[in-house]
Amino acid sequence: IGLIALSALELKQGGAGTTAASSGGEAPPPAAPDSVTATINVPQEHVGKVVGVGGTMLAVIQDKTGTEVTVDQSTKELGFSVICVKANSREKIQMVEAIIENLTG
């Protein structure tokens, strides 16, 4: 899907969501039983488009989709950052994927 390496398809159901998910590298809280998590690798040159000035675009994405979106930049020296998405349905994850594809595509 364009420039995004969608390891987002490595979905985790239930309490298995323990991937480091913020710019600080700490692990997110365990996922609720009805939650779905996904990760999306975004090329570093496009991360600013996804985050927005002061995190404004992340806030818009979260508001529009009803998801929790965090960014792990611990891999930026490798040329990408990991966008972590937590939602209560696969459809909401797909909405975030589509928005990120539009922003970076």
Side-chain angles (χ1 to χ4, degrees):
I1 296 182
L3 298 172
I4 300 173
L6 283 183
S7 65
L9 300 179
E10 66 177 57
L11 291 177
K12 298 173 189 150
Q13 292 261 5
T18 56
T19 305
S22 71
S23 57
E26 64 271 2
D34 61 344
S35 71
V36 179
T37 61
T39 59
I40 305 167
N41 293 344
V42 175
Q44 199 59 39
E45 65 267 18
H46 297 294
V47 172
K49 297 174 190 173
V50 175
V51 173
V53 177
T56 54
M57 185 53 68
L58 277 181
V60 168
I61 292 169
Q62 291 179 109
D63 289 344
K64 196 171 191 177
T65 62
T67 60
E68 181 182 325
V69 181
T70 56
V71 180
D72 178 356
Q73 293 199 47
S74 65
T75 56
K76 68 181 178 180
E77 289 80 23
L78 299 173
F80 67 95
S81 286
V82 180
I83 308 298
C84 301
V85 185
K86 186 175 6 174
N88 62 9
S89 72
R90 175 68 185 138
E91 291 74 25
K92 289 183 178 184
I93 298 279
Q94 290 171 332
M95 289 172 63
V96 173
E97 291 170 349
I99 291 169
I100 291 174
E101 177 67 24
N102 278 336
L103 291 171
T104 61

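- Separating the CD1 atom in Ile99 from the CD1 atom in Ile61 is a distance of 5.5 Å, to the nearest 0.5 Å.
- Remark: Arg90 engages Glu97 in a salt bridge, criterion side-chain N to carboxylate O under 4.0 Å.
- Across all non-hydrogen atoms, the minimal contact from Leu103 to Met57 is CD1-CG, 3.8 Å.
- Checking Ile40, Thr39, Thr70 one by one against Val85, the side-chain contact (heavy atoms from CB on, under 4.5 Å) holds for a single residue, Ile40.
- To the nearest 0.5 angstrom, Thr104 atom OG1 is 9.5 Å from Glu45 atom CD.
- Here His46 contributes atom NE2 and Ser81 contributes atom OG; the two are 12.0 Å apart, rounded to the nearest 0.5 Å.
- Of all non-hydrogen atoms in Ser74 and Asp72, the two that sit nearest each other are OG-OD1, 2.7 Å.
- Considering all non-hydrogen atoms of both residues, Lys92 and Thr67 come closest at CB-CG2, 3.7 Å.
- Minimum heavy-atom separation, Phe80 to Thr75: O-OG1, 2.7 Å.
- When the side chains of ILVMFWY residues are joined at heavy-atom separations under 4.5 Å, either directly or via intervening members, Val60 and Met95 end up in two distinct hydrophobic clusters.
- Counting only heavy atoms from C-beta outward, the side chains of Val50 and Val71 never approach each other to under 4.5 Å.
- Heavy-atom contacts from other residues, nucleotides or ligands closer than 6.0 Å to NZ of Lys64 number 12 or fewer.
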